[in-house]
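Here the structure is laid out as structure tokens; the discussion comes afterwards.
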There are 4 protein chains.
Amino acid sequence: MTPLCKRWSRRKEARPQEILEAALAQFVQKGFSATRIEDIAREAGVTRGTPYLYFANKEEIFKAVIRELLLPQVTLAAERVADFSGCAAELLRELVQIWWRVMGETSLSALPKLMIAEGSNFPEVMDIYEREFVLPGQQLFRRVLELGIASGEFRQVDIDQTINVLVAPIVMAMLARCGNVPCGQMAADPDAYLNAFIDVTLGGLLARPD
Amino acid sequence: MTPLCKRWSRRKEARPQEILEAALAQFVQKGFSATRIEDIAREAGVTRGTPYLYFANKEEIFKAVIRELLLPQVTLAAERVADFSGCAAELLRELVQIWWRVMGETSLSALPKLMIAEGSNFPEVMDIYEREFVLPGQQLFRRVLELGIASGEFRQVDIDQTINVLVAPIVMAMLARCGNVPCGQMAADPDAYLNAFIDVTLGGLLARPD
Amino acid sequence: MTPLCKRWSRRKEARPQEILEAALAQFVQKGFSATRIEDIAREAGVTRGTPYLYFANKEEIFKAVIRELLLPQVTLAAERVADFSGCAAELLRELVQIWWRVMGETSLSALPKLMIAEGSNFPEVMDIYEREFVLPGQQLFRRVLELGIASGEFRQVDIDQTINVLVAPIVMAMLARCGNVPCGQMAADPDAYLNAFIDVTLGGLLARPD
Amino acid sequence: MTPLCKRWSRRKEARPQEILEAALAQFVQKGFSATRIEDIAREAGVTRGTPYLYFANKEEIFKAVIRELLLPQVTLAAERVADFSGCAAELLRELVQIWWRVMGETSLSALPKLMIAEGSNFPEVMDIYEREFVLPGQQLFRRVLELGIASGEFRQVDIDQTINVLVAPIVMAMLARCGNVPCGQMAADPDAYLNAFIDVTLGGLLARPD
DNA sequence: AATGAATGAGAATTCATTCAT
DNA sequence: TATGAATGAATTCTCATTCAT
């Protein structure tokens with residue numbers, strides 16, 4: 001049963017996915033240009049020619065990683081993130097934590113690194129990224145902020161800018177998870193980091209009792 | 001024979017610097033691997049062979065960009081950032097604003113992007129970056145936090161983690177300045193963004209009067 | 001389980017022939033090197049692996065096309081061409097017309113194109129071609145010329161060279177039939193072309209009455 | 001003076017021409033697809049990379065061979081061919097002989113072989129070939145035929161078809177010169193072949209005295 | 001017998017680097 | 001100093017061929 005002496009095994013259905021996962025790992029580690037097709041193939045356990053059975057060229061592999069591996073997860077994740085209730089403060093806390101669980105702790109955390117590093121070489125992908133990841137993410141925070149301000153729970157703040165203030169530390173945590181982003185403690189204990197983040201931020205948003 | 005056009009006056013001392021600046025621009029735009037020596041040469045107004053008169057190879061150009069172009073500025077910038085006084089809240093505000101002026105609005109803003117994108121391919125550079133940029137930056141915030149907590153101005157917070165919470169939005173703003181990092185409003189009006197950041201963060205740090 | 005669709009009835013004996021015909025069509029269209037095995041397979045209605053059940057490799061397919069598909073037809077054709085009678089002028093006319101019918105208008109017309117294009121890459125095939133196609137063809141014309149000269153019907157001409165003068169326009173017509181040989185009118189109306197050819201040539205061969 | 005120990009010599013002006021000539025030789029010998037860039041490079045005395053300094057890719061080399069090496073010669077040759085006078089018979093004789101000298105005996109003789117073998121893979125080149133080589137060539141013969149018929153020197157013949165009858169043997173001689181086109185005697189003694197051709201053809205065209 | 005996924009040798013192309021000028 | 005033609009190693013990509021199914 002074990003393919004010990006087999007030269008290869010046929011995995012038509014699984015292959016594309018396997019190749020994309022291997023490609024993701026390599027792209028995150030080395031960047032697009034520095035990743036050789038052979039690196040991807042080896043990581044996927046196949047040989048040089050196999051990726052070309054499923055993808056036209058290296059660029060298409062990159063696009064497929066984003067479009068077929070990462071963005072579909074974004075949608076799934078977004079649905080779960082959108083599912084919460086409570087007062088604005090609880091919502092914010094929950095939003096950050098769910099986000100982290102479904103985006104930060106999964107392979108999705110690679111997305112910001114890839115786009116920062118390679119986005120300018122793939123403008124179309126960048127557009128998709130903005131449309132399907134950045135904007136929806138901002139919307140989630142916008143909703144919470146608007147809710148909190150409307151209910152008087154939060155102070156009046158510049159919503160457009162505050163959104164980004166809230167997003168930044170989470171994205172940084174995602175970047176830190178990709179390794180080799182030097183923010184020592186952040187990567188070491190993400191939960192402590194996120195708690196500190198929620199603590200400070202929520203403190204800054206809540207309307208003073210007086 | 002006489003130097004007809006002034007612009008061709010040989011500035012041999014200036015050449016290496018010019019090449020490094022050209023290289024920085026290209027590396028930020030395209031990444032290390034995707035940047036061809038000829039791209040750098042053209043941007044610097046010289047031809048293919050010239051960079052090799054001053055640098056051993058492409059890798060050394062990258063290292064020189066970090067070591068000779070960016071990190072010395074970090075030191076200069078750090079000195080100016082360190083020069084402030086007042087209460088902790090004022091210090092924090094001032095720290096963020098000076099930082100932005102000396103790092104965010106200059107070519108130094110390229111540093112985080114380069115290290116995120118290429119750091120894993122240049123571990124030694126990464127080390128230097130951490131030692132000479134990340135740690136000193138964290139120290140500045142640590143000092144402010146410690147000061148504020150000691151004086152009772154700030155709440156008791158987890159200093160190690162809060163440092164990173166404070167650094168993250170500034171680094172994100174630096175990334176946004178490198179172009180093609182999709183955080184719309186942030187890049188459009190950095191000052192408004194930084195104000196929102198200080199506003200929320202300071203609110204979150206200040207001890208409640210009650 | 002029962003052969004639902006008749007068209008899938010296995011014609012194992014027919015397969016090699018079908019593959020060779022597909023190969024011929026592709027080789028004529030694209031040339032040997034530019035033809036992929038998959039092109040041949042698709043044209044034959046089979047898949048990549050099937051040609052290898054019948055032929056060792058691509059080169060053997062080429063040789064088989066010549067040896068097994070074309071040259072046997074040459075023999076058949078030559079027999080029919082050899083079967084004629086009458087005075088030398090009639091013989092010549094008949095020879096040209098039968099040749100055209102059995103070689104020009106059939107797949108045999110591909111042979112000269114293949115040999116011109118690929119002959120130098122297949123010296124052994126070239127030898128066979130010369131031995132089994134060129135020489136026999138020349139012999140036919142030699143016979144007619146010798147007959148006509150002997151009977152006084154034709155002028156004394158340099159037989160060896162005149163043979164080639166007679167063969168050339170027929171071969172050109174065969175080339176023209178393979179498409180993409182730019183001799184407009186020739187391919188458009190081969191009969192008119194061959195009549196003009198016989199008309200001029202015969203006029204040039206006949207001994208003047210005076 | 002002799003570059004014995006030089007790794008290479010700089011020949012910016014001469015290189016493209018040298019590469020095209022090398023390419024022509026290789027394409028004629030092996031065909032386009034079967035010719036490797038390295039074959040061309042070696043024949044030109046350079047290394048793999050050098051052709052790419054002057055041509056974008058192999059296809060462009062092929063096109064340049066036709067457009068820049070061969071067709072300009074066609075123009076030169078056509079001018080010399082057009083320069084003749086005398087009665088129609090003399091004109092025809094002269095036309096064939098000059099054509100042979102300026103096209104058959106030069107590298108131009110490669111043109112028909114290249115177009116027969118590769119034309120269908122390069123339709124645009126085929127069009128140029130037809131426009132700049134085939135049609136002008138046909139015009140020359142048309143002129144002679146029209147002249148001869150008008151003057152009563154030649155019989156009434158189907159001009160459109162007869163043109164091709166006249167062209168065919170010359171083109172065959174050009175093909176034979178490219179080697180490996182199996183028409184034994186033709187290539188061995190082209191002059192004898194052409195004389196036989198003129199002899200027969202002219203005999204067939206001249207109006208009978210009676 | 002036939003399939004078609006997988007292989008891997010080989011060809012095209014790129015580009016960092018050298019060095020004669 | 002600077003140039004840029006030339007090199008050749010490295011990489012992408014193709015496709016003839018194999019072989020488990």
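Chain naming here is simple, since letters A, B, ... match the order of the sequence lines and numbering starts at 1 in each.
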A:Tyr52 vs D:Thr50, nearer the 5' end of DNA chain F by closest nucleotide: D:Thr50
Nucleic acid contacts of residues 19-40 of chain B, taken as heavy-atom distances under 4.0 Å to DNA chain F: none
For D:Asp127, side-chain contact (heavy atoms from CB on, under 4.5 Å) partners two or more places apart: D:Arg131
Ring pair (Phe, Tyr, Trp, His ring centres under 6.0 Å) pairs, two or more places apart, involving residues 35-55 of chain D: none
CD on B:Glu59 to CZ on B:Phe122, rounded to 0.5 Å: 4.5 Å
Nearest-0.5 Å distance, OG1 of residue B:Thr50 to CD1 of residue B:Ile40: 12.5 Å
First of B:Gly49 and A:Gly49 reached from the 5' end of DNA chain E, by closest nucleotide: A:Gly49
Residues forming a side chain to side chain donor-acceptor pair (under 3.5 Å) with [X], sequence neighbours excluded:
X	value
B:Asn121	none
C:Ser109	C:Arg177
B:Arg42	none
B:Gln73	B:Ser107

Under 4.0 angstrom between D:Arg15 side-chain N/O and F:dA6 OP1 or OP2: yes
Listed pairs under 3.5 Å, donor-acceptor, residues 61-72 of chain D side chains, sequence neighbours left out:
from	atom 1	to	atom 2	distance (Å)
D:Lys63	NZ	D:Glu124	OE2	3.0

Pairing annotation in dot-bracket form, given for DNA chain E with Watson-Crick or G-U pairs under 3.5 Å and | for cross-strand partners: .||||||||||||||||||||
Atom-pair distance (CZ on D:Arg42; C1' on E:dA11), nearest Å: 13 Å
Would you tabulate the side-chain donor-acceptor contacts of residues 20-27 of chain B under 3.5 Å, counting partners in other chains and residues two or more places apart, or write 'none'?
from	atom 1	to	atom 2	distance (Å)
B:Glu21	OE2	B:Gln17	NE2	3.2
B:Gln26	OE1	B:Lys30	NZ	2.9
B:Gln26	NE2	B:Glu43	OE1	2.6

Side-chain-base donor-acceptor pair under 3.5 Å for D:Arg48 and F:dT7: no
Those residues of residues 54-67 of chain D lying under 4.0 Å from DNA chain E by at least one heavy atom: D:Asn57, D:Lys58
Residue C:Thr47, side-chain atoms from C-beta onward, closest of F:dT3, E:dT7, E:dT3: E:dT3
Salt bridge (charged side-chain N to carboxylate O under 4.0 Å, His left out) involving A:Arg36 - partner list, sequence neighbours excluded: A:Glu38, A:Asp39
